[in-house]
Q: 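My structure is below; once you've seen it, I'll send some questions.
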2 protein chains.
Amino acid sequence: MSILDVSGGRVKVTTTIRQVAAAAGVSLATASRALSGSPAVVESTRKRVQQAADDLDYNPSRLGRSLVTGSTGNIGLIFPDISNPFYTQFLAELESVVAARDIGILIGDAHEDSHREASLLRQMVTQVDSLVLVSSRMTDAQITAAAVRLPVVLANRRLAPGSIVPELLSQIVIDVEPGFSAAVDHLYALGHRRLTYLDGPARSWSAREKRASLTRACARLGVDLSIVPVEKPDFESGRQVARHLDPNTTVVVAFNDQVALGVLSTCRDRGIVVPVNMSVVGCDDSLPIGLAWPALTTIDSSSRSLGALAAQAVLNPAVHRTGSVPTRLVVRESTGPARPSMV
Amino acid sequence: MSILDVSGGRVKVTTTIRQVAAAAGVSLATASRALSGSPAVVESTRKRVQQAADDLDYNPSRLGRSLVTGSTGNIGLIFPDISNPFYTQFLAELESVVAARDIGILIGDAHEDSHREASLLRQMVTQVDSLVLVSSRMTDAQITAAAVRLPVVLANRRLAPGSIVPELLSQIVIDVEPGFSAAVDHLYALGHRRLTYLDGPARSWSAREKRASLTRACARLGVDLSIVPVEKPDFESGRQVARHLDPNTTVVVAFNDQVALGVLSTCRDRGIVVPVNMSVVGCDDSLPIGLAWPALTTIDSSSRSLGALAAQAVLNPAVHRTGSVPTRLVVRESTGPARPSMV
DNA sequence: TTGTAAGCGTTATCAG
DNA sequence: CTGATAACGCTTACAA
């Protein structure tokens, strides 16, 4: 009694619970109960139904189930750029914990565009149980509106304090303050009195946070800070921007490790020796050890940890309303003392 | 007349097409037609319905729609390891083309495990229109079974020629032959007569392909080939394995660029100068230029191109039954002449 | 312990 | 052109 439906040269055989019930000689309801392990079904019939299901290679339709139960077993994940390892690692970590719970993951790449992000959100909202927005570029209002409809975990972004319903969503952030503060201390101790910051995306919350922390730390110690925008926070842009730096630059702090790597690459090309003639500090510690050469001094702000926290928030929205990943400075070989003439 | 459903402190407001219809004073059916742009509805009512939908912020449920139409608007994507840039880039490319068609993407990381892969497949099969299996570790039989149920695009893998229903699925592969052949020619011309290959995952089809191509090319020229297994095709494993190479090794060809980078890193640590004392060849060309130092001679086999082809196969399953991405050797600075004593 | 029937949100088939 | 009504596959009261 299988439904045969020829489409595109393919014979579509989908076993429904109806067929299982028929094969086992029970009603629809009993089949459903038996398969979902309800206690209100005697072992003998339960076996029989299971047998029929196995024989027919029955696979319950998530669609049908979702429609009636109101929960889909999927979560949605939206980030600004899947090519960026920061997000890939976040994703990898999140995946490994939610997949263990048999939860499906719908992903969307907003390409740094808030319109695209909103459109992805619309697409997902009817087929996921909750939504993880990573480094969202949408407005507070848009995010809040989404959070009214379904549980939202906001990662690497925090709503303005005045927001109306902060209780509705979880906010997981990286606390960049200690790391950036320590970085400036470190550079100051090495004798540096001025530094150049290669800034992140204009619309990014975390970019603003990093800039603010750095600005505070520099002000505190009287270090001269110049901020240079970078088109895209990736290796190539870092490489480009490094070519046009003020020739007197001796210290570069980068928005992330990718950009820092780009700077290292340009330095190598130009015979500028790191850390003798130039000190470089990255951020994220997203790179395997040994990839950067010389080894990169960086502000550890693991996106994996962020992913792990976000995963907890997804699984237990009631508890993990807020969380933050601490940062710390990891000193390696890309920072060195200021040359006497520069002090 | 909105359905209010308090759950977890959240007021769940979902507008259904029923409410839109009521608000516009038309029947369910008319509302559906109006919103889906059916010609069989007069402009005046059509406007009215649209207005009501906008007012109520109506967002059609993909679940309900899918159930009745039989198509979900989603595709599923399963690969062995999301941390691997090869797959990330594949994903990025695929995403950018299918997302433009407003198609959702469900991803699954099989963690190199065929059981996990099969389980992901079961989860997805009822909620996607077609499936992309990248570097699948499942058996031909399992893959074929899946292809009977729904359109499958097999990427970076090819079924054994004897397979019963090869017409049922699309197969997109990388043709490694020309690239590896050229690499051996190149090394031979530089005077090398022996080389070491750092092999990929045992269960991987593409790893077997690469090994076979290399073996053929070496046999053709009478080059001595020794094959060394690598635990995982990543930077760290490459770094490890390079530490335990035969000290006489002068040429290393790696399964992918990540492993090759690891080798470069170890060489740097040990003062082995590339390409003077050691020649290194990667595969994939997945790295931004400048990341590797010295610049890596590699076999270009772009995973982005693979993703683009897979995307076409997904969108047009009838036409793109098969496709292959050509490879070629890109000579940079990590390969050099054999030292006279070695010839 | 099992069966009947309602309904999740939508589209599609019929009549009108 | 529009409106009832029947699906789609499933779970879950409510009855038996």
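Residue numbering restarts at 1 for every chain, and letters A, B, ... go by the order of the sequence lines.
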Q: Can you check each nucleotide of nucleotides 11-16 of chain D against protein heavy atoms at under 4.0 Å and return B for base, S for sugar-phosphate only, - for none, in 5' to 3' order?
A: BBB---

Q: In Å and rounded to the nearest 0.5 Å, what is the CD1 to OG distance from B:I103 to B:S130?
A: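 Reported to 0.5 Å precision, the distance equals 7.5 Å.
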
Q: Check DNA chain C against residues 39-52 of chain A and give the residues with a non-hydrogen atom under 4.0 Å, in numerical order.
A: A:A40, A:V41, A:V42, A:T45

Q: Could you tell me the separation between the CD atom of B:Q127 and the P atom of D:dG9, rounded to a whole number of Å?
A: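 Those two atoms, CD and P, are 15 Å apart.
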
Q: Regarding B:R62, tell me which of base, sugar-phosphate or nothing describes its non-hydrogen contacts under 4.0 Å with the strands shown.
A: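 Nothing: the residue B:R62, judged by heavy atoms under 4.0 Å, touches no strand.
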
Q: Between C:dG9 atom C1' and A:L67 atom CG, what is the distance in whole Å?
A: 5 Å

Q: With rounding to the nearest 0.5 angstrom, report the NE2 to OG distance, B:H111 to A:S96.
A: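 Going from NE2 on B:H111 over to OG on A:S96, the span is 6.0 Å.
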
Q: Any chance the side chains of B:S206 and B:S204 put a donor and an acceptor closer than 3.5 Å?
A: yes

Q: B:L35 CG to D:dT2 P: how many Å, rounded?
A: 13 Å

Q: Using 0.5 Å steps for rounding, measure from the OG atom of A:S32 to the CD1 atom of A:I17.
A: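 Answer rounded to 0.5 Å: 4.5 Å.
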
Q: Just by distance, do the side chain of B:T72 and the backbone of B:S66 share a donor-acceptor pair under 3.5 Å?
A: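 Flag not set: sc B:T72 to bb B:S66 has no pair under 3.5 Å.
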
Q: Other residues, nucleotides and ligands only: do more than 12 of their heavy atoms fall within 6.0 Å of CZ on A:R48?
A: yes

Q: B:D54 and B:Q50: side-chain donor and acceptor closer than 3.5 Å?
A: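 Yes, B:Q50 and B:D54 have a side-chain donor paired with an acceptor closer than 3.5 Å.
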
Q: A:S136 pairs by side-chain hydrogen bond (donor to acceptor under 3.5 Å, both in side chains) with which of A:Q142, A:R203, A:E117?
A: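 For A:S136, the side-chain hydrogen bond (donor to acceptor under 3.5 Å, both in side chains) test succeeds with only one of A:Q142, A:R203, A:E117, which is A:E117.
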
Q: Let me know the distance between CZ of B:R18 and P of D:dG3, rounded to the nearest Å.
A: 14 Å

